[in-house]
2 protein chains.
Amino acid sequence: MSKTILIVDDDKKIRDMLRLYLAKDQYYIVEALNGREALYVARYEKPDLILLDLMMPEMNGIEFMKIYRREANTPVIMLTARASEIDEILGLEIGADDYITKPFIIQALRARVKAVLRRASGDAVESDVLRVGEMVLDRTGRIFKIKGETVNLTPSEFSLLELLMLNCGRAYSRIDLLQHITDGPVLESQTRAIDVHVRNLRAKIEPNCNEPRFIQTVYGMGYRFMDGD
Amino acid sequence: MSKTILIVDDDKKIRDMLRLYLAKDQYYIVEALNGREALYVARYEKPDLILLDLMMPEMNGIEFMKIYRREANTPVIMLTARASEIDEILGLEIGADDYITKPFIIQALRARVKAVLRRASGDAVESDVLRVGEMVLDRTGRIFKIKGETVNLTPSEFSLLELLMLNCGRAYSRIDLLQHITDGPVLESQTRAIDVHVRNLRAKIEPNCNEPRFIQTVYGMGYRFMDGD
DNA sequence: ATTATTTGTCATGGAGTTCTAAAAATGGCG
DNA sequence: CGCCATTTTTAGAACTCCATGACAAATAAT
């Protein structure tokens, strides 16, 4: 079954060029000239991916995202004219999955489109890929990535993070966590080992280890995974 | 007699998957594609539990809840795509009983469905997420919020508030309260400690500490939680 | 067999929490 | 009102809990 891609750009030349090349990869292409139009088209067509220009008349990319992100979780690749705009994209909480600056090489874009669609198709419920922000935990592949970079996790660390991410927002006691990464009975005394694993995990995945954003300590209880922006 | 579960999600793949697996547990499953449809189905079928996607076209989960909560008290498990949406669920006045982030493992969801139905079938509704006015106490997440702002509670304070909110309106003696926050035997003498905890709690949750609105003193007896506006 | 990696133990210091004790304030009731 | 019982408030001592670093044991890799 062919994937649907929505192209949003006010420049006809760019839309044509994108349609031409992406059609080669057997996608079904729909278009919109600005954010307002994109909203209508997206709601109707339910695209699998959106290529979104940042600067447009009527309604720009950021405004579009603000509204659309409340309705769907469709992956988005942002198209920006200037490199400096990238900061803006990353800085604001737009929720773009990737970005590329114009003028871009069409092959680079094709590769990213493929990559995002591959990731996202695994995003369905039956999938084994957990995504939180820039982090991707692939359960079947036992691979963990941040911003596309593979981060090496030990078996215990992976197992721990797996439970926490799967049950995002829930607080777990050390005993529960220990039970999950161990087979067989566990001893109350081994409970401090979890602290050490958490420390090592934080060193690998937290932007700032002293102010954990994802793996939070629940005083008197244990730990919780959550995106505490 | 078989329980009825209403699944509300615009993604057919997710609906199919949920129906398939939940049917194994002998539930009667009904479906809706968005909030608007869900309203009709819910009114007609009167489900015992609703699995509700947050992001949907036509009418999203939040809007649905705003309307439906005025009509019925059916327990709801929210399905969210992104971790950051949990904050929204807890922050806004959505009366959800539990939540789970996609993608989830079906076993986890089955367990929670069972848990919610078990709690709800006994007429005492023991939700995971307790809500009184602007306050939200997330029992499994161990998070307490007022107007969307996280308020840090110590383990004893959390435990105390949990019991009181769960049994809203009921007065408890200091011994009972002490027993609840302690494991092991308690001493009559420690009973004054409760006063201190209550004081600290009031400082954190009462709009005006001198005129407690929520944690009320029952003279000669103990304390009671109640919205005494 | 040797090395590297991973896992678990322990001690320490500091942060956060709980409890006590005593004084001040308040409520109930004759 | 005035008294006593009860609750509130305060401060600090005692305690619990967690992060950290150093290290030893177990396990896997070479």
Side-chain angles (χ1 to χ4, degrees), chain A residues 142 144 150-162 171-206 208-224, chain B residues 142 144 150-164 171-206 208-225 228:
Chain A
R142 296 233 121 200
F144 180 75
T150 301
V151 175
N152 216 47
L153 298 184
T154 73
S156 310
E157 285 159 14
F158 191 92
S159 187
L160 208 53
L161 192 56
E162 182 185 22
Y172 281 94
S173 71
R174 289 181 170 68
I175 282 287
D176 286 348
L177 296 171
L178 196 59
Q179 221 130 39
H180 183 251
I181 67 171
T182 318
D183 32 34
V186 295
L187 297 156
E188 177 73 37
S189 67
Q190 296 173 317
T191 211
R192 290 283 123 204
I194 293 297
D195 295 47
V196 180
H197 285 126
V198 166
R199 172 183 47 171
N200 297 335
L201 255 178
R202 279 176 174 161
K204 291 179 182 177
I205 76 170
E206 291 285 353
N208 173 13
C209 232
N210 299 330
E211 289 253 337
R213 172 178 160 177
F214 299 108
I215 304 180
Q216 301 165 3
T217 303
V218 184
Y219 192 98
M221 222 268 167
Y223 297 95
R224 161 181 54 219
Chain B
R142 294 235 129 204
F144 179 76
T150 300
V151 175
N152 218 47
L153 299 184
T154 72
S156 307
E157 285 159 13
F158 192 94
S159 187
L160 210 51
L161 192 55
E162 185 184 16
L163 180 68
L164 291 171
Y172 282 94
S173 72
R174 287 178 175 67
I175 282 288
D176 286 348
L177 295 172
L178 194 59
Q179 220 129 40
H180 183 252
I181 67 171
T182 318
D183 31 33
V186 295
L187 298 157
E188 178 72 37
S189 68
Q190 297 173 318
T191 210
R192 289 288 118 204
I194 293 298
D195 295 52
V196 179
H197 284 127
V198 166
R199 184 195 132 63
N200 296 336
L201 253 180
R202 281 176 173 160
K204 290 178 182 177
I205 77 171
E206 292 285 355
N208 173 12
C209 227
N210 299 330
E211 287 257 336
R213 171 178 160 178
F214 299 109
I215 304 180
Q216 300 163 5
T217 304
V218 185
Y219 194 94
M221 215 270 172
Y223 297 97
R224 163 180 55 215
F225 184 93

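Below, each value reflects all heavy atoms present in this structure, side chains not excepted, and no hydrogens, waters or symmetry copies. Given the structure is predicted, the values throughout are model-derived calculations rather than measurements.
The minimum heavy-atom distance between B:R174 and B:G222, with the atom names listed, is NH1-CA, 3.6 Å.
Between A:R192 and C:dG8 there is no side-chain N or O to OP1 or OP2 distance below 4.0 Å. Contact check, A:S156 against C:dT7: a side-chain N or O comes under 4.0 Å of OP1 or OP2. Distances shorter than 4.0 Å separate none of the side-chain N or O atoms of B:T154 from OP1 or OP2 on C:dG16. Distances shown here put a side-chain N or O of B:R199 below 4.0 Å from the OP1 or OP2 atom of D:dT9. An OP1 or OP2 oxygen of D:dC18 is reached within less than 4.0 angstrom by a side-chain nitrogen or oxygen of A:R174. The side chain of B:T217 contributes an N or O atom lying less than 4.0 Å from OP1 or OP2 of D:dT8. Between D:dT8 and B:N210, no contact under 4.0 Å exists linking OP1 or OP2 to a side-chain N or O. Close to D:dT8, at under 4.0 Å from its OP1 or OP2, lies a side-chain N or O of B:R202.
With C:dT20, D:dT7, C:dT9 as the choices, the nucleotide that has an atom nearest any side-chain atom of A:Q190 turns out to be C:dT9. Of the candidates C:dT6, D:dC18, D:dT6, D:dT6 carries the atom nearest the B:Y219 side chain, counting heavy atoms from C-beta on.
Regarding B:L153, its CG atom lies at a distance of 15 Å from the P atom of C:dG16, rounded to whole Å. Rounded to whole Å, atom C1' of D:dT27 lies 15 Å from atom CD of A:E157. The separation between B:Q216 atom CD and D:dT8 atom P is 12 Å, rounded to whole Å. For B:N152 and C:dA15, the CG to C1' distance is 13 Å, given to the nearest whole Å. Distance, A:R142 CZ to C:dT6 P: 13 Å, rounded to whole Å. Rounded to a whole Å, the CG atom of A:L160 is 10 Å from the P atom of C:dT7. When the P atom of D:dT7 is taken as reference, atom OH of B:Y223 falls 7 Å away, rounded to whole Å. Atom CG in B:L201 sits roughly 12 Å away from atom P in C:dT17 (whole-Å rounding).
The closest side-chain heavy-atom distance from B:I181 to B:L163 is not below 4.5 Å. Counting only heavy atoms from C-beta outward, the side chains of A:L160 and A:I215 never approach each other to under 4.5 Å. Looking at heavy atoms from C-beta onward, A:Y223 lies in side-chain contact with A:I194 at the 4.5 angstrom threshold.
Contacts of B:V186 with the nucleic acid, taken as non-hydrogen atoms under 4.0 Å apart, are absent.
Once rounded to the nearest 0.5 Å, the distance linking CD of B:E157 with CZ of B:R199 reads 11.0 Å.
Where A:N200 and B:V196 each meet DNA chain C at their nearest nucleotide, the meeting point lying more 5' is that of A:N200.
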